Amino acid sequence: MSEGAAQPVERHLPTEEARDLFALVRELIQREIAPHAAAEEEAGHFPRELFTLLSESGLLGLAYDSEFGGGDQPYEVYLQVLEELAAARLTVGLGVSVHSLACHGLAGYGTKEQQTEHLPDMLGGGLLGAYCLSEPSSGSDAASLRTKAVRDGDEWVITGTKAWITHGGIADFYTVLARTGGEGARGVTAFLVPGDAEGLAAAAPEKKMGMKGSPTAQLHFDGVRVPDARRIGDEGQGFAIALSALDSGRLGIAACAIGVAQAALAEALRYATERRQFGRPIADFQGLRFMLADMATQIEAGRALYLAAARLRDAGRPFSKEAAMAKLLCTDTAMKVTTDAVQVLGGYGYTADFPVERYMREAKVLQIVEGTNQIQRMVIARHLAGPDSR
């Protein structure tokens with residue numbers, strides 16, 4: 001059976017401009033992404049040229065200000081674009097989300113001069129970004145990061161190692177969190193580091209169970225010099241900037257998760273209506289019908305939750321709790337739906353001839369990145385019951 005993008009989802013979009021945008025996105029998916037997704041993932045090929053096309057098409061800066069080359073789209077529109085891209089190929093959807101995450105610090109906390117100088121190229125000039133928070137010894141406990149930035153006149157000298165960096169080694173710029181003060185969250189500062197900075201080197205990409213086309217690598221900073229003009233925000237403000245970015249980034253992961261789940265459901269439906277056993281389509285059997293109904297219901301619930309959080313963000317209201325809830329529910333849903341899709345296809349679902357095994361492998365990482373789902377539960381509980389009293 002041939003692989004294609006998920007069946008079109010009925011979108012409730014706020015403007016005619018957004019509807020035109022979705023027509024562009026769906027055309028691009030059918031022409032440039034879906035036909036190559038399976039083969040390129042199997043080969044571990046990252047489609048760098050595609051990201052250049054996405055940038056030229058205005059799809060790498062949708063949620064940012066048009067003054068600096070962005071698309072002026074509300075987050076509820078941007079996230080639905082991410083969902084469609086991820087349904088076609090998660091490497092692309094997640095890549096756009098990570099790029100947006102890497103732009104967040106400068107767009108939200110940079111000076112006007114910094115934004116004018118850097119954002120146009122970052123948002124629509126063909127550049128690709130990455131976000132550097134995690135380290136080999138500080139994943140969930142990000143405030144304990146050890147990478148240091150020491151001031152030397154008008155420059156900072158960065159030394160240390162970052163880990164699990166999506167686009168590590170191929171990005172044109174990195175938003176880097178480094179320790180400039182004492183221990184804990186208040187000693188962290190953010191920097192915009194060029195991808196070709198002297199002293200910056202990437203390790204070999206990690207060998208992963210899924211998303212083989214998306215490079216994930218450690219980055220080694222060996223005395224990397226960065227002008228103070230590339231410091232984002234105030235000294236010691238970096239961790240607050242990081243958390244702000246992650247709130248938005250978690251919504252991106254939620255949307256990508258629903259995209260993968262939607263693609264898996266579409267493939268399960270195609271198979272169940274075409275595959276015949278005992279003289280009739282297997283979709284006629286109640287056990288499978290109920291499974292498909294549950295899959296569809298879980299997807300709709302996840303989509304509704306991430307869109308509700310996005311509308312809070314668009315209205316300028318707090319959305320941290322809702323972002324954590326959306327990331328938790330949507331990624332757990334993706335894992336459940338893709339696992340069920342494999343079950344619907346039976347033995348065929350376990351083979352690489354059908355895309356559902358890839359969707360299942362890809363869904364797993366979404367429960368881990370940008371805060372594990374255990375961390376999301378901690379965040380939600382903190383909003384509900386206050387900080388842990390210990």
Side-chain angles (χ1 to χ4, degrees), residues 44 46 91 94-95 97-99 101-102 104-105 128-150 156-226 231-232 236 238-243 245-246 249-250 253 327 331 361-362 364-379:
F46 179 75
T91 284
L94 188 69
S97 181
V98 167
H99 176 84
L101 181 70
H104 180 95
L128 183 66
Y131 183 77
C132 301
L133 176 62
S134 295
E135 297 182 3
S137 61
S138 61
S140 295
D141 184 14
S144 66
L145 63 85
R146 298 178 181 175
T147 295
K148 290 186 177 181
V150 178
W156 294 85
V157 182
I158 303 177
T159 303
T161 298
K162 293 294 181 180
W164 311 113
I165 306 305
T166 301
H167 303 157
I170 65 168
D172 299 298
F173 66 91
Y174 298 93
T175 295
V176 179
L177 285 302
R179 187 162 302 286
T180 56
E183 295 298 314
R186 295 183 180 180
V188 176
T189 301
F191 299 90
L192 184 66
V193 179
D196 60 356
E198 186 175 352
L200 175 59
E206 306 287 352
K207 296 180 179 180
K208 310 190 299 288
M209 68 182 284
M211 290 195 67
K212 296 179 181 179
S214 176
T216 304
Q218 288 192 356
L219 288 179
H220 304 298
F221 295 79
D222 184 11
V224 174
R225 288 186 170 270
V226 179
R231 170 175 48 82
I232 302 172
F239 199 70
I241 293 173
L243 292 182
L246 286 174
R250 285 165 180 164
I253 298 301
K327 200 273 184 182
T331 59
R361 289 185 287 106
E362 291 176 340
K364 184 63 215 175
V365 76
L366 300 175
Q367 294 178 302
I368 299 170
V369 296
E370 295 193 30
T372 67
N373 283 6
Q374 288 69 35
I375 290 294
Q376 304 314 311
R377 290 178 170 91
M378 291 174 62
V379 171

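As the structure is a prediction and not an experimental result, all values here were calculated from the model.
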Short side-chain to backbone donor-acceptor contact, Arg225 and Ala197, under 3.5 Å: no

Short side-chain to backbone donor-acceptor contact, Ser144 and Asp141, under 3.5 Å: yes

Non-hydrogen side-chain atoms of Ile375 and Arg250 separated by less than 4.5 Å: yes

CG-OG1 distance between Asn373 and Thr331, expressed to the nearest 0.5 angstrom: 3.5 Å

Thr180 side chain reached by Phe191 side chain, heavy atoms, under 4.5 Å: yes

Euclidean distance, Gln367 CD relative to Gln376 CD, rounded to 0.5 Å: 11.5 Å

Gap separating the CD1 atom of Ile232 from the OG1 atom of Thr189, nearest 0.5 angstrom: 10.5 Å

Inter-residue atom distance Tyr131.OH - Thr175.OG1, 0.5 Å rounding: 8.0 Å

Distance-minimising heavy-atom pair for Gly249 and Ser97: O-OG, 4.1 Å

Test item: Arg361 side-chain N/O and Met209 main-chain N/O as donor-acceptor pair under 3.5 Å: yes

Heavy-atom side-chain proximity of Ser138 to Arg146 below 4.5 angstrom: no

Derivation and outcome, side-chain contact (heavy atoms from CB on, under 4.5 Å), residues Lys207 and Lys212: CA-CA 7 Å; Lys207 296 180 179 180; Lys212 296 179 181 179; over 6 Å; no

Donor-acceptor under 3.5 Å (His99 side chain, Leu128 main chain): no

Contact check, side chains of Phe239 and Leu177, non-hydrogen atoms, under 4.5 Å: no

Side chains of Leu101 and Glu370 in contact at under 4.5 Å (non-hydrogen atoms): yes

For the student: nearest non-hydrogen atoms of Val369 and Leu366, plus distance: CG2-CA, 4.1 Å

For the student: nearest non-hydrogen atoms of Ala130 and Ile165, plus distance: CB-CG2, 4.0 Å

Heavy-atom side-chain proximity of Leu145 to Lys162 below 4.5 angstrom: yes

Crowding at CZ, Arg377 (>12 non-hydrogen neighbours, <6.0 Å): yes

Where His220 and Gln218 come nearest, the two heavy atoms and their spacing: CE1-OE1, 3.4 Å

Contact summary for Gly223 and Val157, nearest pair of heavy atoms: CA-CG1, 3.6 Å

Over 12 foreign heavy atoms within 6.0 Å of NZ, Lys208: yes

Check: Gly199 main-chain N/O paired with Asp222 side-chain donor or acceptor under 3.5 Å: no

Non-hydrogen atoms of Leu192 and Pro194 that approach each other most closely: O-CD, 3.9 Å

Spacing of CG belonging to Leu246 relative to CD1 belonging to Ile253, to within rounding of 0.5 Å: 10.0 Å

Nearest-0.5 Å distance that lies between atom CG in Leu200 and atom CZ in Phe221: 5.0 Å

Check against side-chain contact (heavy atoms from CB on, under 4.5 Å), Glu135 and Thr161: CA-CA 6 Å; Glu135 297 182 3; Thr161 298; over 6 Å; no

